[in-house]
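Read through the structure below, which is laid out as structure tokens, and then see the notes.
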Amino acid sequence: MRPAPTILHLDMDAFYASAEQAAKPSLRGKAVVVGGLGPRGVVATASYEARRLGVHSAMPTAQARRLAPNAAYLVPRFSLYRTVSDQVMELLGRLSPLVEPLSLDEAFVDLEAGGTADDSASARATGEGLRTAIHAVTGLSGSVGLAGSKMLAKIASEEAKPDGLLLIEPGTERELLAPMSVRILPGVGPATGDHLRRAGMTTVHDLAEAGEAELVRLVGKAHGHGLYRMALGLDDRPVVAERDAKSVSVEDTFDVDLHDRVRVRAEVERLAVRCVERLRAADRSGRTVVLKVRRYDFSTLTRSETLRGPTDDPTVVREAAGRLLESVDTTGGVRLLGVGVTGLADYTQEDLFAQAADARELAQRAQEHSSPPVEGGEESAPEPEPDSAELLAARRWPAGHDVHHEEHGHGWVQGSGVGRVTVRFEEPWSAPGRVLTFRVDDSLLRPAEPLPLVRDAADYSSWPASLPKSRSGADSSGGGESSP
């Protein structure tokens, strides 16, 4: 625990939904739900207007539609979210060399390491300055928590939502935590929370009063010890700048179970290519290919194959994933498929062409040793069931995604169906626009890239030089711990 609140936690407010509202003037102040829109879709983020209707993250989209039938339901636009996230992370990087991203919209910052704060006053000024800078650059709001530990900083940002700042003064931790639910503590999920409730412990105060021995008896030694320390407000975890990814993976949940083996194989190959695209985007290679299959009865199987060396070759990954699929029974139907690569490295050891040839040779050997062909020649594989025109249109024109029309300009898809696509033409800085409907094959309409959320962003190139200097920032000769 630090003697000053120099650990900052930033959490952007309803990030995906807020970005969509900022990009679409007609949705501002209205309920917006971002996530999968199919029968098995799940809510990724809901705007605060939708949350007031009971919609929340990880809820099935079908349930959200019952609670908020008039909300706007949009497919995520990750290219936009990553662009905005990069802008936010760049601002955080100016405050300190120690920035620990947790996701696109959340991060810890060690202000002391950057010399931007060493007491409550300088920490608060930095936090407020950060919120102002984020809004000026991205048009979005974020909530900031400041405390002497990561756990408390995260709790503070949650309590500050939306669009607020909360600073927890060192020495007040136990008083602040005491009345809070045990679920506020990291690692206390629904199961542990219910177990503690049955033991008569519903608040953090109850945990502190129970004592370490009783918590160890209830939840085990490792968890009980950590739970007791957290109940006392104790947390000495450092902010870690490098959070090295251990794997790269992609997966898809299908609206209708896949039964056709050829279609399943095609989906696995498509996912393998997407996985390699992510791998290359991260300038990595990997040695172990992993296949994930969730079947019709929700049973989930994983299979893996370790290659001779790291690779980022799509042919190698695709063929390895195909071989893994051969060992999985998919007759009853498949709900979800995923392909991943683990054992990441920064380089490729093997000759990729030789490795791909080896993979093809292994596949050919496996085919030679499989069951013999039926009498009269080799049995032809059944054709995959063609996708419906409606499904193809939904894939080409996802709800919420950007389009450009040669006559009407930039807009976004409100929906598609019956061979038509409905578009609202507006830009982030315009008034709410008009709605027009076109044929899905209209030659003047095409998908487009997202526009920036702020057209004339304020110049923050010199920020945070304008912030009040902390004592450690004024005297850069010291390199040790700040004094209380």
Side-chain angles (χ1 to χ4, degrees), residues 1-11 96 98-100 102-103 106-113 117-124 126-127 143-161 164-241 243 470 472 480-484:
M1 291 293 296
R2 297 186 177 184
T6 55
I7 293 182
L8 180 148
H9 180 260
L10 170 72
D11 196 356
S96 173
L98 293 183
V99 176
E100 181 178 341
L102 304 178
S103 62
E106 186 180 2
F108 287 110
V109 184
D110 187 335
L111 301 179
E112 184 180 288
D118 62 0
D119 58 13
S120 296
S122 56
R124 184 180 295 277
T126 300
S143 295
V144 168
L146 293 155
S149 70
K150 290 169 72 173
M151 179 189 77
L152 290 164
K154 185 172 174 63
I155 290 173
S157 69
E158 186 65 30
E159 292 295 304
K161 282 185 169 292
L165 179 149
L166 177 63
L167 184 149
I168 300 178
E169 290 284 359
T172 67
E173 298 91 352
R174 289 192 63 176
E175 180 183 355
L176 177 81
L177 289 173
M180 292 184 175
S181 166
V182 295
R183 291 290 305 278
I184 198 74
L185 299 178
V188 181
T192 303
D194 191 55
H195 186 55
L196 294 170
R197 181 187 57 78
R198 290 197 299 270
M201 302 177 197
T202 58
T203 67
V204 177
H205 172 77
D206 295 334
L207 300 182
E209 288 296 305
E212 184 174 3
E214 177 63 10
L215 294 179
V216 167
R217 186 186 70 81
L218 283 171
V219 298
K221 185 174 181 180
H223 198 186
H225 175 71
L227 199 56
Y228 181 65
R229 284 181 55 82
M230 288 189 293
L232 300 180
L234 302 176
D235 176 26
D236 53 6
R237 293 172 300 157
V239 176
V240 181
R243 293 172 56 87
S470 68
S472 59
E481 296 287 333
S482 297
S483 58

Checklist entry - After noting the C-alpha distance and the side-chain angles of Leu207 and Leu215, does the key distance pass the side-chain contact (heavy atoms from CB on, under 4.5 Å) rule? => result CA-CA 7 Å; Leu207 300 182; Leu215 294 179; 3.8 Å; yes
Checklist outcome for this item: Residues Ala4 and Asp118: closest non-hydrogen pair is CB-O, 3.4 Å
Checklist entry - How would you list all residue pairs meeting salt bridge (Lys or Arg N to Asp or Glu O under 4.0 Å) that involve residues 165-178, not counting sequence neighbours? => result none
Next on the checklist: Looking at Ala113, is its backbone amide N or carbonyl O close enough to the side chain of Ser96 to form a donor-acceptor pair, meaning the two atoms are under 3.5 Å apart?
Outcome noted: no
Checklist entry - What is the minimum heavy-atom distance between Val204 and Ile184, and which atoms define it? => result CG2-CG2, 4.0 Å
Next on the checklist: Could you tell me if the side chain of Leu227 sits less than 4.5 Å from the side chain of Leu196, heavy atoms only?
Outcome noted: yes
Checklist entry - Judged by atom type as modelled, is there a donor-acceptor pair below 3.5 Å linking the side chain of His195 to the main-chain atoms of Val219? => result no
Checklist outcome for this item: salt bridge (Lys or Arg N to Asp or Glu O under 4.0 Å) filter on Lys221, not counting sequence neighbours, yields none
Checklist entry - With Arg183, which residues qualify under salt bridge (Lys or Arg N to Asp or Glu O under 4.0 Å), at least two apart? => result none
Item to check | Closest non-hydrogen atom pair between Leu152 and Ala147, with its separation | outcome: CB-CB, 3.5 Å
Item to check | Residues that Glu212 engages under side chain to side chain donor-acceptor pair (under 3.5 Å), provided they are two or more places apart | outcome: His225
Next on the checklist: To check you understand the geometry: which heavy-atom pair defines the closest contact between Pro5 and Pro170, and what is its length?
Outcome noted: CD-CD, 3.9 Å
Distance-only check: which donor-acceptor pairs under 3.5 Å involve side-chain atoms of residues 231-238, not counting sequence neighbours?
residue, atom, partner, partner atom, Å
Asp235, OD1, Arg237, N, 3.3
Asp235, OD1, Arg237, NE, 2.9
Asp235, OD2, Met151, N, 2.9
Asp235, OD2, Arg237, NE, 3.4
Asp235, OD2, Arg237, NH2, 3.0

Checklist entry - What do the steps show when you test Glu159 against Leu176 for side-chain contact (heavy atoms from CB on, under 4.5 Å), and what is the final call? => result CA-CA 11 Å; Glu159 292 295 304; Leu176 177 81; over 6 Å; no
Next on the checklist: Against Leu146, only a single residue in Ile7, Thr6, Leu111, Leu166 fulfils side-chain contact (heavy atoms from CB on, under 4.5 Å); can you say which?
Outcome noted: Leu111
Checklist entry - Does the side chain of Val239 come within less than 4.5 Å of Val109's, by heavy atoms? => result no
Next on the checklist: Show the nearest heavy-atom pair for residues Ala117 and Thr126, with the distance to one decimal.
Outcome noted: CB-OG1, 4.3 Å
Next on the checklist: I want to check something: taking the side chain as every heavy atom from C-beta on, are Phe108 and Lys154 in contact at a cut-off of under 4.5 Å?
Outcome noted: yes
Item to check | Nearest atoms (heavy-atom pairs only) where Leu102 meets His9 | outcome: CD1-NE2, 4.0 Å
Checklist entry - Sequence neighbours excluded, which residues qualify as side chain to side chain donor-acceptor pair (under 3.5 Å) partners of Ser149? => result none
